[in-house]
Amino acid sequence: MADSNEKAGINPERHSIPIKSILVTQPQPTTDNSPYLSIAEKYGIKVDFRAFIEVEPVPYKDFRKDKVDILAHTAIIFTSRNAVDHFFRICQESKIEMPADMKYFCISDQTAYYLQKYIVLRKRKLFVGEKTAKDLFEVIKKHKNEKFLFPCSNIRKEDIPEFLEANKIKHTEAVIYKTVAADLSDLDDVTYDCIAFFSPSGITSLFANFPNFKQNNTRIAAFGPTTAKAVRDANLELDIEAPMPNAPSMTGAIEVYIQNQKQGTKNA
């Protein structure tokens, strides 16, 4: 990732420089109705997509070393599609079939819906949070006598394990996939006016690929408090933070910044 100019550090005047290019650190959307594409068309901005992190499966032989007995549990917590995919991969490789009375706790409707790829939902016991882990906690509290299995990545948030521990709920963590930095070497000579991050892992990947990265004129956008903290911990200036009361999405927050620029004001 090329530096924006020859000087090291952060240019305090960067807010006066119009955003003409954005790098979204996520995979390319599979549909044509992405809100990022709407921003690109509306403001004449170049928007590129590039996943900064990759998911690698934990081999079954390594999973076995942890001696996790899947069928000794009565409930499973899913927080992502990756967790769903890799959990059922492990089940297939270990020749395990989920019992009909297994309970599933999903962080969102999207994750619950994705389960249909592997199970018939009407025959299972399914419990869904509104959107966040905190929402799911209220659901789990009503089933605290279950023995939960939490399939996750080697890098995961602390909120779910801490909640289960604090409430003395029986549970087991199972690391079934790994989150690693993607190879971004082809971006070495590329500069963007704005880079949008969605997880602390994205920041880790940035510096794993470009240890000498300098922010200079680049605006940094972050979604969620943990990502925002990772930006600041990396001594980067956070210019665009989402969600905001008037912009609950990353695209909304970016658009507010662009509009404020056009009005000659800095997005706080």
Side-chain angles (χ1 to χ4, degrees), residues 53 55-116 118-179 198-201 204 223-230 233 243:
I53 57 175
V55 171
E56 293 182 352
V58 169
Y60 175 59
K61 63 179 182 179
D62 293 341
F63 172 79
R64 288 183 61 185
K65 293 177 183 178
D66 292 334
K67 298 181 179 180
V68 175
D69 185 353
I70 292 176
L71 295 181
H73 300 80
T74 60
I76 304 172
I77 299 172
F78 287 122
T79 59
S80 70
R81 292 184 177 188
N82 281 326
V84 173
D85 283 336
H86 288 283
F87 173 77
F88 284 99
R89 170 185 61 82
I90 291 291
C91 288
Q92 183 180 29
E93 293 179 8
S94 58
K95 296 180 172 57
I96 289 177
E97 183 175 345
M98 288 294 97
D101 59 350
M102 181 68 75
K103 295 180 180 179
Y104 299 90
F105 292 76
C106 297
I107 198 166
S108 67
D109 285 331
Q110 290 83 359
T111 305
Y113 182 79
Y114 190 70
L115 266 176
Q116 292 183 94
Y118 297 98
I119 62 174
V120 180
L121 290 180
R122 66 176 179 272
K123 293 182 179 179
R124 311 290 173 161
K125 296 184 177 181
L126 181 67
F127 305 89
V128 185
E130 291 293 326
K131 191 174 183 181
T132 67
K134 187 176 180 180
D135 298 327
L136 188 59
F137 295 163
E138 298 305 315
V139 181
I140 292 176
K141 281 181 181 179
K142 299 176 183 177
H143 302 269
K144 61 184 306 178
N145 292 326
E146 304 292 339
K147 186 173 183 181
F148 288 87
L149 179 64
F150 178 36
C152 59
S153 167
N154 61 319
I155 300 175
R156 53 101 178 108
K157 295 180 180 179
E158 299 287 344
D159 48 4
I160 290 178
E162 287 179 353
F163 166 79
L164 296 172
E165 288 284 353
N167 288 273
K168 296 182 169 54
I169 296 174
K170 293 181 180 179
H171 67 281
T172 305
E173 282 189 45
V175 176
I176 55 173
Y177 65 100
K178 294 181 179 180
T179 304
F198 300 84
S199 71
S201 299
T204 300
F223 189 89
T226 57
T227 309
K229 182 178 184 299
D233 288 348

Please determine whether the number of non-hydrogen atoms from other residues, nucleotides or ligands lying under 6.0 Å from atom CD of Q92 exceeds 12.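 Not more than 12 within 6.0 Å, no.
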Please determine whether the number of non-hydrogen atoms from other residues, nucleotides or ligands lying under 6.0 Å from atom OH of Y60 exceeds 12.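 Enclosed.
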Evaluate the criterion side-chain contact (heavy atoms from CB on, under 4.5 Å) for residue pair Y118 and V84; output intermediate values, then yes/no. CA-CA 9 Å; Y118 297 98; V84 173; 3.6 Å; yes
Exercise: identify the closest heavy-atom pair between [X] and [Y]:
X	Y	answer
A174	L149	CB-CD1, 3.9 Å
A83	S80	N-OG, 3.1 Å
N167	K141	OD1-CE, 4.3 Å
I70	C91	CD1-SG, 4.2 Å
A112	C106	CA-SG, 3.7 Å

What is the distance from atom [atom1] of [X] to atom [atom2] of [Y], rounded to the nearest 0.5 Å?
X	Y	atom1	atom2	answer
I53	I155	CD1	CD1	7.5 Å
T79	L136	OG1	CG	9.0 Å
T74	K103	OG1	NZ	7.0 Å
F150	T172	CZ	OG1	12.0 Å
Y104	F127	OH	CZ	12.0 Å
M102	E97	CE	CD	11.5 Å

Check whether any side-chain heavy atom of [X] lies under 4.5 Å from a side-chain heavy atom of [Y], and answer yes or no.
X	Y	value
H171	I160	no
V55	K178	no
D159	F137	yes
R81	Y113	no

Indicate whether any N or O donor in one side chain lies under 3.5 Å from an N or O acceptor in the other, for Y114 and D85.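 Yes - a donor-acceptor pair under 3.5 Å links their side chains.
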Using modelled atom types only, decide if a donor and an acceptor are shared between the side chain of [X] and the backbone of [Y] within a distance under 3.5 Å.
X	Y	answer
R89	V58	yes
S153	R156	no
H73	L71	no
N154	T179	yes
T111	I107	no

Charged N to carboxylate O below 4.0 Å: is that the case for K170 and E146?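 Answer for the salt bridge query: no.
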Go through the steps to decide whether Y177 and H86 satisfy the test ring pair (Phe, Tyr, Trp, His ring centres under 6.0 Å), and finish with yes or no. CA-CA 7 Å; Y177 65 100; H86 288 283; 5.3 Å; yes
So, H143 versus F105, ring centres under 6.0 angstrom or not?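 Yes, ring centres under 6.0 Å apart.
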Please report the C-alpha distance between M98 and I76 in whole Å, then the side-chain angles of each, then the deciding distance to 0.1 Å, and finally whether the side-chain contact (heavy atoms from CB on, under 4.5 Å) criterion is met. CA-CA 11 Å; M98 288 294 97; I76 304 172; 3.9 Å; yes
Can you check side-chain contact (heavy atoms from CB on, under 4.5 Å) on F163 and I140, steps first, answer last? CA-CA 10 Å; F163 166 79; I140 292 176; 3.8 Å; yes
Assess whether side-chain contact (heavy atoms from CB on, under 4.5 Å) is satisfied between L126 and L115, documenting all intermediate values. CA-CA 10 Å; L126 181 67; L115 266 176; 3.9 Å; yes
